[in-house]
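Fair warning: this is a prediction, and the values are worked out from it, not measured in the lab. Only this structure's heavy atoms are used, side chains among them; waters, hydrogens and symmetry mates stay out.
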Protein chains: 2
Amino acid sequence: MMPESIARFRRFARAVTAEVGALDSSFLGRGRPLGAARVVNAIGAGRTDVAEIRAYLGLDSGLMSRLLRSLEEEGLVTTETHPDDARRRVARLTEAGQREFSAYEELSDARASALLERAPRAPELLHAMDLVALSLGRDRIAIEEADPRSEAARTCLEAYYTELARRLKTGFDVKLSRDPEAKAMVRPRGAFLLAMADGLPVGCVGLKGSGGPVAEVKRLWIDPAARGFGLARRLMEAVEAAARDLAIAVLRLDTNSALPEALALYRKAGWVEIDRFNDDPYPDHFFEKVL
Amino acid sequence: MMPESIARFRRFARAVTAEVGALDSSFLGRGRPLGAARVVNAIGAGRTDVAEIRAYLGLDSGLMSRLLRSLEEEGLVTTETHPDDARRRVARLTEAGQREFSAYEELSDARASALLERAPRAPELLHAMDLVALSLGRDRIAIEEADPRSEAARTCLEAYYTELARRLKTGFDVKLSRDPEAKAMVRPRGAFLLAMADGLPVGCVGLKGSGGPVAEVKRLWIDPAARGFGLARRLMEAVEAAARDLAIAVLRLDTNSALPEALALYRKAGWVEIDRFNDDPYPDHFFEKVL
DNA sequence: CATAATACCTGACTAAAGTCAGCTATCATG
DNA sequence: CATGATAGCTGACTTTAGTCAGGTATTATG
């Protein structure tokens, strides 16, 4: 690795260390040691399993116990034994705990907002932050099924349409295309998958089924900041698995030669080119894969 | 500020917190508490004044004293009174301290290197990191005088030539241009200024003098990741101040209409357009400013 | 030149974080 | 169902960080 790259990385690390440290210490403003605040935030973020919190925060089991006891005494947290395993415990926020968590969230949001507000070139800065966050966290991007009408899905689909409009010579108007109705992409007929990075969607793919043995793959899109991590391949594998699960025998898809990376991906994944199978005005390449 | 922007910023903060935390805790691998390690690193980085270290690390004066005493006992640091003010003290690393500092540096470099090596799209990632680091640290960018033959200056000049080659329709070959010899941009004839962000150069400008009352401003360049922070304006103000200091009465410069942001900057800063004053093949606009 | 301010030091203290051995209750497994 | 592994708890402890009230020596200032 080039020394200059290392120097640049380390300059980045120094710059964010200051910010991150400030963010941490803002948690001290509510009369509670950092350790306890971090536990409240971990529970609020959905980590209810005690062992999970312990692993996430890197705490000793004794220390963890004591932090939970002190939070219980404060009335912010209740613990109960895990329904599946009486050795394990789950922690929950009480109402007061929820309020406390919200207060911490507001602190963080306010910090973020203040920082972004005085940043020139905020859109570029956010894109750069996305790229950094996704690069560092690329092993934690998870693929999950979602409703295509959910907010996260619609965010992806909007971005997909916008990108198509930019990249296709003809532009793209979703109303002129064969827009699958949402039901076709929901079980039992089909499915819709999202790639989620730390709670935010960074990619999607739809499986449009009709109830029969032939289904279509639609709406494959990856956030520009998340490209190059093999996410499209993972989404395609996941959508094939979902199709098999739905007893679908043949998959089809259409695409456009203005998206060469998509064509290359399909060819590499064993799709074979076939004749036009619809009259949609936008695609000029058609593929099929027998499962 | 949009809620989505805040969510994206906070995802970024979470992603880097993990990395940065790991970087911090890697300092613990050498049998010394974090506080002491941070002092060694601060001294190694050139912060010798005790008050300066204290301010930088945000330490209480008593704690600072104790940390220095413990490092002295370990044989890593010596302190002596400041030559200009016998109340103040300066800390220096002993040879053993230097070795220890190098060991810490190698740890950090190794971490950075490992992280960058397994990153796809490393050049893009580094550019994004630059943008983040410079945005967060834009108030700490300092302008300083440097030798145009120094490594930092040459890095900027190379980047400047590359950018000109890309942006001018005719391309750019520095050998065909009137390349000022370095002596003309060094005192007493001229000057060369660098904008430094945390030790790395992010912009430059040259003042090419002949010993007479007329001098030229040359080689104004800003790192793309540092644009939008008003750095060009600051560099131009600094170069004007340097010119006044050298008793120069009239400044001139030439530029090209393919660089509209430069033209706009000069006009806004009170430069007036004049007739061509040289036969350089590249410029098509010429400016003058009477100091 | 008296006085105030500054820079650092020392001692005495507290709070927070972290460690470790040993304990109980529960679960997994042959 | 004995045995070992696992999850969490408790008590006793250490280390690290941080605070605060004084103290000395030096410098700045009216």
Side-chain angles (χ1 to χ4, degrees), chain A residues 17-18 20-22 24-43 47-74 76-92 104, chain B residues 17 21-22 24-43 47-74 76-92 104:
Chain A
T17 300
V20 163
D24 257 17
S25 62
S26 77
F27 280 172
L28 292 172
R30 299 193 63 78
R32 198 170 291 109
L34 191 56
R38 298 214 304 157
V39 171
V40 169
N41 279 286
I43 301 173
R47 279 174 238 270
T48 52
D49 224 278
V50 170
E52 191 193 353
I53 301 170
R54 213 149 60 70
Y56 173 64
L57 298 178
L59 296 176
D60 172 85
S61 123
L63 184 49
M64 181 77 215
S65 273
R66 256 180 288 271
L67 287 173
L68 279 176
R69 288 307 84 70
S70 85
L71 289 171
E72 280 182 320
E73 261 176 56
E74 254 196 284
L76 302 183
V77 165
T78 57
T79 59
E80 49 198 281
T81 59
H82 194 286
D84 299 345
D85 182 343
R87 292 170 301 181
R88 290 154 70 192
R89 313 217 83 200
V90 284
R92 274 181 223 300
Y104 282 125
Chain B
T17 299
D24 255 17
S25 63
S26 77
F27 280 171
L28 293 172
R30 299 191 63 77
R32 197 170 291 111
L34 191 56
R38 298 213 304 155
V39 171
V40 170
N41 279 285
I43 301 173
R47 277 174 240 271
T48 51
D49 224 278
V50 169
E52 191 192 353
I53 301 170
R54 214 148 60 71
Y56 173 64
L57 298 178
L59 297 176
D60 173 87
S61 121
L63 184 49
M64 180 77 215
S65 272
R66 258 181 289 272
L67 288 172
L68 279 175
R69 289 305 85 71
S70 85
L71 289 170
E72 278 182 322
E73 261 176 55
E74 256 196 281
L76 302 183
V77 165
T78 56
T79 59
E80 49 196 281
T81 59
H82 194 287
D84 299 346
D85 181 343
R87 291 170 304 181
R88 291 153 71 193
R89 311 217 85 199
V90 284
R92 275 181 221 299
Y104 282 125

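- In this structure, CE of Met64(A) is placed 16 Å from C1' of dT10(D), rounded to the nearest angstrom.
- What separates CD of Glu80(A) from P of dC9(D) is a distance of 13 Å, to the nearest Å.
- At least one side-chain nitrogen or oxygen of Arg54(A) sits closer than 4.0 Å to the OP1 or OP2 atom of dG8(D).
- Here dT19(D) presents its C1' atom at 14 Å from CG of Leu67(B), a figure rounded to the nearest Å.
- Ranking dG18(C), dG18(D), dG8(D) by closeness to the Leu59(B) side chain, first place goes to dG18(D).
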inquiry  = Please encode protein proximity along nucleotides 21-30 of chain D as a string of B, S and -, counting only heavy-atom distances under 4.0 Å.
reply    = -----BS---

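- Summarising the geometry of Ala91(B) relative to Val77(B), their closest heavy-atom pair is CB-CG1, 4.2 Å, with the distance given to 0.1 Å.
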task = Go through Glu80(B) and Arg92(B) one step at a time and tell me if the salt bridge (Lys or Arg N to Asp or Glu O under 4.0 Å) criterion holds.
result = CA-CA 8 Å; Glu80(B) 49 196 281; Arg92(B) 275 181 221 299; 3.3 Å; yes

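- With rounding to the nearest 0.5 Å, the separation of CG in Leu57(B) from CG in Leu67(B) is 9.0 Å.
- The nearest pair of heavy atoms linking Ala42(B) to Ile53(B) is CB-CG2, 4.0 Å.
- Between Arg88(A) atom CZ and dT26(C) atom C1' there is a gap of 12 Å when expressed in whole angstrom units.
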query = Does the pair Arg38(B) and Tyr104(B) meet the rule for a side-chain contact (heavy atoms from CB on, under 4.5 Å), with working shown?
reply = CA-CA 10 Å; Arg38(B) 298 213 304 155; Tyr104(B) 282 125; over 6 Å; no

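- Phosphate contact (OP1/OP2 of dC9(D), side-chain N/O of Arg69(A), threshold under 4.0 Å): present.
- Here dA17(D) presents its C1' atom at 13 Å from CG of Leu34(A), a figure rounded to the nearest Å.
- Heavy-atom nearest nucleotides on DNA chain C were determined for Asp60(B) and for Gly35(A), and the one closer to the 5' end corresponds to Asp60(B).
- Residue-level contact check: Leu68(A) touches neither bases nor backbone, having no heavy atom under 4.0 Å from any strand.
- For the pair Arg38(B) CZ and dT16(D) C1', the computed distance is 13 Å after rounding to whole Å.
- As a whole-Å value, the separation of Leu63(A) CG from dG11(D) P is 16 Å.
- If you check every strand for non-hydrogen atoms under 4.0 Å, Arg66(A) touches a base.
- Of the two residues near DNA chain D, Val90(A) and Arg32(B), the one whose nearest nucleotide lies more 5' is Val90(A).
- The interatomic distance linking Glu72(B) (CD) with dT10(C) (C1') rounds to 14 Å, in whole Å.
- Minimum heavy-atom separation, Met64(B) to Leu59(B): SD-CD1, 3.9 Å.
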Steps toward side-chain contact (heavy atoms from CB on, under 4.5 Å) verdict (Val50(A), Leu68(A)) = CA-CA 9 Å; Val50(A) 170; Leu68(A) 279 176; 3.7 Å; yes

